[in-house]
K.L.:
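Below you will find the structure I want to go over with you.
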Amino acid sequence: MLYPGVRCRKGAIHLWRVLFMALPVAGCALLAACSRSGPEINDAGYEVNTAYVATGQDSRVRFIVLHYTSENNEDSLRILTKNRVSSHYLLTDGQEPVLYRLVDENRRAWHAGSSQWYGYKNLNAMSVGIEIVNKGPLNPEKTLWESYSSRQIDILAALLKDLAQRHRIHPRNIVGHSDIAPQRKIDPGPLFPWEALARQGIGRWYNKNRVRQHEAMFRSTGLPDIFWFQEKLRHIGYEVAFGANNEEQTRKVLQAFQMHYRPQRYDGEPDIQTAAILMDLAGQP
Ligand SMILES: [Zn+2]
């Protein structure tokens, strides 16, 4: 804890010390008149001068990772505060969703696990994690999913805009858990409204006209081979192993890609529309 208001000009600091020790209440009142620059005494007993702020700095947060909790409000809150899993934010569901901040943005939350995006590994250290209360798949076949409510998405959009602006996060670095860990995760699922958020300027999206042109081209040239898909997926951030032996692994990455960008069908099969969207995203700066 810092002593409230103990930020004084250098010459004044000794006087404040005496006042602070002798007359804590009067000291506090007088200290309020101090300049906000200069030495600062903390409770560890040393002074720090905060008069200068370096221009060469930026946020440590590079990514935002979206999740669903698969649990109800109460259980989500309990699990994310009492266990070894956590997130910076938790957005509940219901009539009046509540946005909880459970971990300070400058600290690391434990939400991503083993993960990779554009070659960056283990994204907990560099990301803000947002958990949304949503059941995910409603049947074992994973063909029915719970929708996110419009109230949740309104709150989420405001939060994402604010985070992206404050931490200067590139649109391509706003991702789902399934994007950064496609071999083991499927959240936030195919009903997460990536396209609707992209219309508000949140996250990366493709250009429909260009995708139509790419589709026409692939119809005449035929579908590219698995190596082409692997190369393009890696180019747009996904972790994917190269080679014909990695077909099953590649299918899971394609499934994650489709859930995000083409949620109407997410069977992991390479097809013309998937190739066309991939090609457009790979061509973006
Ligand atoms: Zn997750």
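In listed order, ligands and their atoms are each counted from 1.
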K.L.:
Give every residue pair that meets the side-chain hydrogen bond (donor to acceptor under 3.5 Å, both in side chains) criterion with at least one member in residues 177-189, sequence neighbours excluded.
P.N.:
His67-His177, His67-Asp187, His177-Asp187, Asp179-Tyr238, Asp179-His260
K.L.:
Got a sec, which residues hit side-chain contact (heavy atoms from CB on, under 4.5 Å) with Ser70, two or more places apart in sequence or on another chain?
P.N.:
Tyr68
K.L.:
Other members of the hydrophobic cluster containing Trp110, with the 4.5 Å side-chain heavy-atom rule, please.
P.N.:
none
K.L.:
If you draw a sphere of radius 2.8 Å around the Zn ion (ligand 1), how many protein N/O/S atoms end up strictly inside it?
P.N.:
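Protein N, O or S neighbours of the Zn ion (ligand 1) under 2.8 Å, waters not counted, come to 3.
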K.L.:
Do the charged groups of Arg78 and Asp75 touch, with an N to O distance under 4.0 Å?
P.N.:
yes
K.L.:
Can you name the nearest heavy-atom pair linking Pro193 to Ile153, along with the distance?
P.N.:
CG-CD1, 3.6 Å
K.L.:
May I ask you to check whether Asn139 and Glu141 show a side-chain donor-acceptor distance below 3.5 Å?
P.N.:
yes
